[in-house]
Protein chains: 2
Amino acid sequence: MEDGTFESLGYCGDTGVDDVLQWDQRADCEVRQILDRIADKWSLQVIALLDKRSLRFTELRRAIDGVSQRMLTRTLRHLERDGLVSRTVHPTVPPRVDYALTPMGATLHSTIRALVVWTEEHQNAIAAARTAYDRRTAAEQEAAEREAAERDAVARAVLPVRG
Amino acid sequence: MEDGTFESLGYCGDTGVDDVLQWDQRADCEVRQILDRIADKWSLQVIALLDKRSLRFTELRRAIDGVSQRMLTRTLRHLERDGLVSRTVHPTVPPRVDYALTPMGATLHSTIRALVVWTEEHQNAIAAARTAYDRRTAAEQEAAEREAAERDAVARAVLPVRG
DNA sequence: CGGAATCCGCCACGATACTG
DNA sequence: CAGTATCGTGGCGGATTCCG
């Protein structure tokens, strides 16, 4: 039927401890699945768009730009399965399918906003860090190459030239 | 040198609008990169572990369980490049490298907590939604098969038997 | 219009071996 | 100990085609 049915990619036994401070132990459990969902290439945009109003399939398709019908379908199916998006089929001709955010989906959306805000606030710092890192890396690379060239020159001066 | 260097998988022009309410338009921009980072299979656990105290490479390797040295290295490099994790090399023998969360990394960690809390609060609802969805799907599947079988039976009754 | 089914390219990941 | 280099593979995602 489908290719991407991943059942339980890692069961995590209930430790009985609801201590959020130890969530790193469970980071690969439920959290991972939700994270994989919202971090999905298209899910985020779908959720964002549906937060305003419900949309039809083609409306989403046009709005998102770059998404294939296959991936949009898959994304919507996943979100629907998780109870984040509702799907209502109108038995008309031509068919009409409306997608909307469920209450739970709406709460997720507002939760994600915190992350978006964080990103907005730190994107400059991140960009700066990246630039600095790349400059350091490039410098080290260049230094290593100079060193190699020097060793090569020394070896050539000492050893007799072959062939 | 490396295989996974994905430079700017989608530049997003600065709209000049800082309206967070329209972040869906920019959902595929900076937010995506951060999300891809923290949603990474290992990044989350690394950040969570480093929040307590700084750790050596091997300590992380043992703590995470299942991570290959290659992926751990890549993950740490990415986090370091984004300025979320600091890497300090002690010029001893045998070599010793300590990883720690930067202040920015710490703020990200606390931001992610909101998402973890959301997941904790809704994981039961999500599990229920998934079960319900799967039951509906299975039911529709079965109905479709019954219908097909019925059509087949009718066709067999009407048409003469071939061969 | 809103999908489902099929084929296929590509690269991200993992395992392995080697280095300083 | 803390990496880098290389290779093989699975699965994700896109393009295409067909259906109700």
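Proteins come first, then strands; the chains are lettered A, B, ... in the order of their sequence lines, and each starts at number 1.
Note: CZ (R74(A)) to P (dC12(D)) measures 7 Å, nearest angstrom. Distance, R70(B) CZ to dG8(D) P: 14 Å, rounded to whole Å. Remark: C1' of dG14(C) and CZ of R61(B) are 11 Å apart, rounded to the nearest angstrom. Summarising the geometry, the separation between CE on M71(B) and P on dA5(D) is reported as 16 Å, rounded to the nearest angstrom. One can place CZ of R37(A) at 11 Å from P of dC12(D), the figure rounded to the nearest angstrom. Atom C1' of nucleotide dC12(D) and atom CG of D36(A) are separated by 13 Å, given to the nearest angstrom. The CD1-C1' distance, from I64(B) to dG14(C), rounds to 15 Å in whole Å. Atom pair W42(A):CH2 and dG13(D):P shows a separation of 9 Å (rounding to whole Å applied).
Residue R77(A) places at least one side-chain N or O under 4.0 Å from the OP1 or OP2 atom of dA4(C). Applying the 4.0 Å criterion to OP1 and OP2 of dG3(C), one finds that R87(A) has a side-chain N or O inside that range.
The closest side-chain donor-acceptor pair between R74(B) and Q69(B), if any, does not fall under 3.5 angstrom.
DNA chain D is contacted by both D40(A) and Q69(A); D40(A) maps to the nucleotide lying nearer its 5′ end (nearest heavy atom per residue). Both T73(A) and P95(A) sit near DNA chain C, but only P95(A) has its closest nucleotide nearer the 5' end. Of the two residues near DNA chain D, G66(A) and T58(B), the one whose nearest nucleotide lies more 5' is T58(B).
Taking 4.0 Å as the cut-off between side-chain N and carboxylate O, R32(B) and D36(B) count as a salt-bridged pair.
Within the 4.0 angstrom heavy-atom criterion, only backbone atoms of the sugar-phosphate kind lie near R56(A); the bases stay farther away.
A donor-acceptor contact shorter than 3.5 Å links the side chain of R61(A) to the backbone of V67(A).
The side-chain hydrogen bond (donor to acceptor under 3.5 Å, both in side chains) search around T73(B) returns none, not counting sequence neighbours.
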